[in-house]
2 protein chains.
Amino acid sequence: MSYKIKFDHFFSYSFSLDCAIFGYKDGKIHVLLIKRAMEPYSGEWAIPGNLVYPDEDLPIAASRILSELTKLTDVELHQGQTFGNPNRHPQGRVITCAYFALVRIDDLVAEADSWAEEVLWAPMHELPSLAFDHKEIVESTYADLRRKLQYEPICFDLLPEKFTLNEMQQLYEYAYNVEMDKANFRKKIKSIPLIHLEEKQKNVKHRPANLFSFDADRYKQLVEEENYLFRM
Amino acid sequence: MSYKIKFDHFFSYSFSLDCAIFGYKDGKIHVLLIKRAMEPYSGEWAIPGNLVYPDEDLPIAASRILSELTKLTDVELHQGQTFGNPNRHPQGRVITCAYFALVRIDDLVAEADSWAEEVLWAPMHELPSLAFDHKEIVESTYADLRRKLQYEPICFDLLPEKFTLNEMQQLYEYAYNVEMDKANFRKKIKSIPLIHLEEKQKNVKHRPANLFSFDADRYKQLVEEENYLFRM
DNA sequence: TATCTTATTGTATATTTTACAAAAAGTATA
DNA sequence: TATACTTTTTGTAAAATATACAATAAGATA
């Protein structure tokens, strides 16, 4: 059966996937929005999403949507909630599964394409209004992200390859909307398998901080060999 | 549009919902299985599930499936992962959303019906093989359940209305497959809003334990007023 | 060289967790 | 009725962890 036949009844009962792409810059967690170039909600902000093809597995669809907009491949995708309110889509019954991805903003060039006239990195604390139920979807995946930040080393997917402990601390401070003690944060971090780089921050007008990077190999080893549990 | 028309293409691209119903007895967390009375996988064990009707929201579909089998209403339903592998259903593309419910086994009478020749409470550590990808679905919702047991007071949905602290401890011991110290467990529990009943265990041939029940009203009040966080 | 700013270390205290001993409240048995 | 037995419940000391905050270090700048 060809895709064409399927598309004929997509808006009577169909399945889509929406992807919240999170990034971190200026001490804030951002989400990537597109200005929709087609109806419904043309001209309004939304997160990228698309119908799932009839023979396509969900993770495949998620990375397709991610790479169409960002050209990124090999990014881990996390499944979020599924939204199925019969009225969530004005043109018919569309159940949608939320995914989210964590990217380094500097690594990518999100460009307007046929789906989007414009793209925008919006700080999570300053979201504009969004098309469909996308506000709810973004908030829900953000809650998932915040939860996972506590017991999986995924903050390193948001931070630059080489980061300072203060940058890491500020990420958690933004996510949980709290202030933390530098000295104590630093002590807690000691238990995480980080590589202390022989390199320092540059172009700052004060004492430069040490740069670290996450030791993913050592992390995997620790998990396997001694049941290591990342915990913040 | 009538349901009939929809059903015509259910097996080309459709959406279902499967529900893992968990209960607790004999110190073990059990899941309710049905022996399927129709193809595919007729005669095999599975969890209850059904297609989602075209105008039906997901939580509604979930409680429909739950109440058809158990006659229970007013049970909180938790959404789990969504499974969309194109080959998961032998008769076509069926994406399914997992839900799980927590029930008190004594409160219900699960009966065989048109969908099921037989029902079975299977301990989570001793699952038989299951139809479709239901093993994966059950394990996934069980992982969700274990996670939620840590920071939401849902163990009380599994325990009897009146329970001893040892029964509660044994539930956690089964869930996390660990042994805990009675004295220390008891101390931790002190911070939870429990009602200490003026009642004791009966028909035991040793010192009877005190019975407690969860103070749901006080819990809600604490959450609102002082940001109380349940934590195990 | 002195000053400014932020990074980094150190230390003492408070809080929480853990291990384990002791006491209490029942039943069963002689 | 006394004694043993089993499980509940309380207590206490040590260990580990978290918190508050002072002190020092390493750069840039003037």
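Just so it is clear: chains get the letters A, B, ... in the order the sequence lines come, proteins before strands, and each one is counted from 1. Not measured: the values here are computed from a predicted model.
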[atom1] of [X] versus [atom2] of [N]: gap in Å, rounded?
| X | N | atom1 | atom2 | answer |
| --- | --- | --- | --- | --- |
| A:Glu179 | D:dA20 | CD | P | 12 Å |
| B:Met232 | C:dT17 | CE | P | 11 Å |
| A:Leu165 | C:dT6 | CG | P | 17 Å |
| B:Lys202 | C:dT27 | NZ | C1' | 16 Å |
| B:Gln169 | D:dT9 | CD | P | 12 Å |
| B:Lys190 | D:dT9 | NZ | C1' | 9 Å |
| B:Gln201 | D:dT9 | CD | C1' | 13 Å |
| A:Arg186 | C:dT9 | CZ | C1' | 9 Å |

Partners of [X] by ring-ring contact (aromatic ring centres under 6.0 Å, His included), sequence neighbours excluded?
| X | answer |
| --- | --- |
| A:Tyr151 | none |
| A:Phe214 | A:Phe156, A:Tyr219 |
| A:His30 | none |

Can you tell me if A:Ser67 and A:Thr73 form a side-chain donor-acceptor pair at under 3.5 Å?
no
Taking salt bridge (charged side-chain N to carboxylate O under 4.0 Å, His left out) as the cut-off, I'd like each qualifying pair that reaches into residues 123-149 of chain B, sequence neighbours left out, listed once.
B:Lys28-B:Glu126, B:Arg88-B:Asp133, B:Asp144-B:Arg147
Would you tabulate the side-chain donor-acceptor contacts of residues 201-213 of chain A under 3.5 Å, counting partners in other chains and residues two or more places apart, or write 'none'?
{"from": "A:Gln201", "atom 1": "OE1", "to": "A:Ala209", "atom 2": "N", "distance (Å)": "3.1"}
{"from": "A:Asn210", "atom 1": "OD1", "to": "A:Lys200", "atom 2": "NZ", "distance (Å)": "3.2"}

Residues at least two apart in sequence or cross-chain that pass side-chain contact (heavy atoms from CB on, under 4.5 Å) with B:Gln81, listed by chain then number, are A:Gln79, B:Phe83, B:Ser140
Using the 3.5 Å cut-off, write out each protein N or O paired with an N or O of nucleotides 17-19 of chain D and the distance between them.
{"from": "D:dT19", "atom 1": "O4", "to": "A:Lys187", "atom 2": "NZ", "distance (Å)": "3.4"}

Kindly list each side-chain donor-acceptor pair under 3.5 angstrom involving residues 183-192 of chain A, sequence neighbours excluded, with atom names and distances?
{"from": "A:Asn184", "atom 1": "OD1", "to": "A:Lys187", "atom 2": "NZ", "distance (Å)": "3.3"}
{"from": "A:Ser191", "atom 1": "OG", "to": "A:Lys188", "atom 2": "O", "distance (Å)": "3.0"}

Centroid separation under 6.0 Å, is that true for the rings of A:His125 and A:Tyr174?
yes
Polar atom pairs (N or O), protein with nucleotides 23-30 of chain D, under 3.5 Å:
{"from": "D:dA25", "atom 1": "N3", "to": "A:Arg207", "atom 2": "NH1", "distance (Å)": "2.7"}
{"from": "D:dA26", "atom 1": "O4'", "to": "A:Arg207", "atom 2": "NE", "distance (Å)": "3.0"}

B:Ala183 side chain: which of C:dC20, D:dC21, C:dT6 is closest?
C:dC20
